Amino acid sequence: MTARGTETRTRPQGTAAAQLGTTAERLGATAAQLGTGIGWRPEIADAVERMPGIDWVEAVAENVCPGHLPDSLVRLRERGVTVVPHGVSLGLGGAERPDQARLTALAERAEALGSPLVTEHIAFVRAGGALTASQHLEAGHLLPVPRTRDALAVLCENVRIAQDALPVPLAVENIAALISWPGEEMTEGQFLYELVERTGVRLLIDVANLHTNHVNRGEDPARALDELPVEAIAYVHVAGGFERDGVWHDSHAHPVTRPVLDILADLAARTRPPGVLLERDENFPEEGDLERELDAIKETVASASPKAASTASTVSTASKAATADTTRVTGKPTAPPKAAAAPDAPETRQRVALSQAALLSALVAGTPAPEGFDGARLRVQSRALTAKRADVVAKVAPELPTILGDGYRPAFFAYARTRPMTGGYRRDALDFAEHLLLAGRPEDPEARGTLTAWWLERSGPAPLEGRPFTRWLRTRTARLALRRARRRTPGHPGPGLPAHPAHHDHGVVDADPAPAT
């Protein structure tokens, strides 16, 4: 029997197997002492280099090119500052097995940065496709997985696949969410405990996400910490947000609030986390304000009063929680989580795939809400996804808001209602422009000509034959309009879309209208 009273399982072979054994053995070897860090972003790169007391930084993995590391990261590494790549595109909680190309890319970044570990999210970011015989859909967002035995089985297998493909240990992050799945069988703490027990993976605990889920889903942060295997924590995220109409948005664009620091203090009283990191993705304040937030985080950790509970008693607490007479989820007697269904069984992955596709389709394609979901919350989440999608497209293709002016967001929202995202944000930007041009928009001829020239320049090198807009361009009127547009567009042809994806190009952020990880 394991510490949770669950059945003993056969361990996988390979790299992941080497990380298993007793909980203490397999986790102790990967507990790198990181210290105090900040999320590295290009917008604050210079400020980060000047900040005193920065032991490490975290960079969004998809925004780093191994062969062309940003000069700022190179300088930080030369000073001995640890750099950890933080992935946002794997979708380890999705029904499909992790994409090998994405795993290879994450491994390359870890090696290029000399990182002691890599991190990702417990989330799904895409759905549909072969498992459901339906259209492939991208969320542009990190979405929560149901805390069920099926979902846990699939997640564990996906984590093991990732562990085998990565050259360094993996840690996975709890996410923030606006919505709850019906019929959940475990609390978040129990779900994470089982994940660690079965895979040996480490945890990246985001205390801001615990606060978000407290406001949005009524989950008690203290109970989650009670049930966590705190010895598995690799490091901790701290971030700001805001509340609007009873919904907490984990924006990563606002100051860290006192309730989030209180949760950090509670965690630090249970265990000294190997690392604590401040995340900020938008609306960057003055350098001094960031330093003051870092000082508040350091002070919170340093002043936390140690609790009497040891690691062993924490495990005991989690075991008792698993067999408690009542749970927040069901409100009725519950037994310890049973052994999950075999993740390689096609029916297990298919059940998860169908449920995730139904939810994502309701969020981005306007289909009816799946049974048991809160329709009002789904509408809030859907609007947040559309707003985020518009924001990221504007970053990936900044020419579009310039060309369309104040009409950009209304036009994009109208487009998004009927056109769910099926690829990355760069493709979305091109599809949006094509959608407008096929509708004869924008109405101003000069703006339409400029948009036409922009679309043509950036649609290569893929063959354009057969596309509706390409057929339209064959007409004499369109060719004349294009030539006029080129004459009027200064410096055309201009630069293409960014060489590297924006933070959310692969469909990921926490659950709020502003970028976050």
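Please read these numbers as outputs of a predicted model, since none were measured by experiment. Starting from 1, each residue takes its place in the sequence as its number.
For the pair Arg50 and Asp46, the salt-bridge criterion is not met [side-chain N within less than 4.0 Å of a carboxylate O]. Of the charged side-chain nitrogens involved, at least one lies within less than 4.0 Å of a carboxylate oxygen, so that Arg258 and Asp262 count as a salt-bridged pair. Ion pairing between Arg351 and Glu347 fails under the 4.0 Å rule for side-chain N and carboxylate O. A salt bridge is defined here as a Lys NZ or Arg NE, NH1 or NH2 lying under 4.0 Å from an Asp or Glu carboxylate O, and Asp226 with Arg270 meets this definition. Here Arg41 does not pair with Glu43 in a salt bridge; the nearest charged N to carboxylate O distance is not below 4.0 Å.
Of all heavy-atom pairs spanning Pro273 and Val276, the tightest one is CG-CG2, 3.7 Å.
Identified under the ring pair (Phe, Tyr, Trp, His ring centres under 6.0 Å) test for residues 89-111, with sequence neighbours left out: none. Residue pairs meeting the salt bridge (charged side-chain N to carboxylate O under 4.0 Å, His left out) criterion with at least one member in residues 67-90, sequence neighbours excluded, are Glu49-Arg75. Note on residues 195-215: pairs passing ring pair (Phe, Tyr, Trp, His ring centres under 6.0 Å), not counting sequence neighbours, are His211-Trp248. A ring pair (Phe, Tyr, Trp, His ring centres under 6.0 Å) check over residues 253-278, counting only residues at least two apart or in different chains, returns the pairs Phe242-His254. Applying the ring pair (Phe, Tyr, Trp, His ring centres under 6.0 Å) definition to pairs two or more places apart or across chains, those involving residues 43-63 are Trp56-Tyr235.
Between the side chains of Ser89 and Glu62, at least one donor N or O sits under 3.5 Å from an acceptor N or O. Side-chain contact of Thr119 with His86: a donor-acceptor pair under 3.5 Å is present, judged by distance alone.
The side-chain contact (heavy atoms from CB on, under 4.5 Å) test applied to Asp99 returns Ala101, Arg102, not counting sequence neighbours. Remark: Thr104 pairs with Glu108 by the side-chain contact (heavy atoms from CB on, under 4.5 Å) rule, at least two apart or across chains. Partners of Thr271 according to the side-chain contact (heavy atoms from CB on, under 4.5 Å) rule, which considers only residues two or more places apart in sequence or in another chain, are Val230, Ile233, Leu267. With sequence neighbours left out, Ala239 forms a side-chain contact (heavy atoms from CB on, under 4.5 Å) with Ala208, Asp250, His252, Glu279. Judged as a salt bridge (Lys or Arg N to Asp or Glu O under 4.0 Å), and not counting sequence neighbours, Arg272 has no contacts. Evaluation of the side chain to side chain donor-acceptor pair (under 3.5 Å) rule for Arg109 yields no partner, not counting sequence neighbours.
Atom CE of Met51 is separated from atom OG1 of Thr36 by 12.5 Å, given to the nearest 0.5 angstrom.
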Just list the side-chain donor-acceptor pairs under 3.5 Å for residues 289-298, sequence neighbours left out, or say none.
unit_1 : atom_1 : unit_2 : atom_2 : d
Asp289 : OD1    : Arg292 : NH2    : 2.4
Glu293 : OE2    : Val256 : N      : 2.6

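Screening Glu185, Glu188, Gln190, Glu194 against Arg147 for a side chain to side chain donor-acceptor pair (under 3.5 Å) leaves a single residue, Glu188.
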- Task: Please test Glu227 against Thr187 for side chain to side chain donor-acceptor pair (under 3.5 Å), starting from the C-alpha separation and ending with a verdict.
- Result: CA-CA 9 Å; Glu227 296 171 346; Thr187 64; 2.5 Å; yes
